[in-house]
Amino acid sequence: MSAVHDRLAELIRSAGSVVALTGAGISVPSGIPDFRSPGTGLWANVDPMEVAHISVWRRDPERFWGFYGQRFAALEGKRPNGAHRALAALEAAGRLDAVITQNIDGLHAAAGSHDVIEVHGSIATASCLACGRQYSLDDTRARLAADADGVPRCDCAQPLKPDVVLFGELLDEAAMTRASELASGADLMLCIGSSLEVYPVAGLPELTLEAGGRIAIVTQSATRYDHYAIARLSGDVEEDLEALVAAVELRH
Ligand code: ZN
């Protein structure tokens with residue numbers, strides 16, 4: 001355990017309000033590729049920002065689901081890792097108020113975190129925009145597999161849309177309002193596994209700093225907030241968070 005872990009643990013213990021903001025990097029140890037990184041893994045031949053777009057879903061649902069079905073497959077059976085569990089442990093110990101996440105994989109809830117704000121939505125459900133019916137992930141997968149064109153369809157025959165925020169869509173207003181309130185009220189924001197590049201989520205640490213709070217950054221890539229961080233960790237995300245939780249719990 002390093003001096004940085006110890007210092008950050010002390011900040012967590014002395015803060016009145018601690019909030020975590022997580023991105024794709026926290027789920028990489030669970031075997032989930034960061035699909036915003038072009039040219040990597042499954043997404044070598046497509047530009048996700050182009051195909052996971054609301055206009056493609058509307059215009060060409062077969063093409064959209066041809067891509068999104070691969071995302072569903074990539075997420076199937078994935079389990080939370082030590083970093084997800086570390087945040088759940090901090091919440092259970094009363095040291096963490098909430099997790100704001102850009103991830104749609106549902107792994108924070110699976111790890112036992114209770115207050116999770118999924119600002120980009122979740123694959124847990126899919127909806128019909130025509131009639132409003134909502135379907136579970138299992139049901140959506142079954143409909144996708146059963147359809148000749150590979151498009152999961154509502155009972156009313158319209159294509160379903162995963163309840164995630166697609167490119168070209170606005171973020172859920174209620175979720176962003178809550179996230180902004182948490183950011184403004186935080187004495188300490190832990191920014192984990194996010195390059196903090198995608199707005200409006202990337203503006204949340206700024207709200208914390210403007211309100212007089214501090215930010216700590218646990219991520220491998222450089223971020224625009226690095227100079228403002230009171231602590232900066234860039235090792236293995238599981239090891240860093242497990243060491244942090246151990247440091248918090250060792251010295252009550
Ligand atoms: Zn419908």
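Note that ligands are numbered from 1 as they come in the structure, with each ligand's atoms numbered from 1 the same way.
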Checklist outcome for this item: Taken in chain and number order and not counting sequence neighbours, the residues that satisfy side-chain contact (heavy atoms from CB on, under 4.5 Å) with Asn81 are Pro29, Ser30, Ala83, His84, Glu238
Item to check | Sole residue of Asp172, Asp115, Asp97 in salt bridge (Lys or Arg N to Asp or Glu O under 4.0 Å) with Arg178 | outcome: Asp115
Next on the checklist: Tyr135: which residues meet the ring pair (Phe, Tyr, Trp, His ring centres under 6.0 Å) condition with it, sequence neighbours left out?
Outcome noted: none
Item to check | Spatial distance of atom CE (Met189) from atom OG (Ser17) [nearest 0.5 Å] | outcome: 9.5 Å
Next on the checklist: Which residues pass the side-chain hydrogen bond (donor to acceptor under 3.5 Å, both in side chains) test with Arg141, not counting sequence neighbours?
Outcome noted: none
Checklist entry - Under 2.8 Å from the Zn ion (ligand 1), which protein N/O/S atoms are there? => result Cys128 SG, Cys131 SG, Cys154 SG, Cys156 SG
Checklist entry - For the ring pair Phe72 and Trp65, is the centre-to-centre distance below 6.0 Å? => result yes
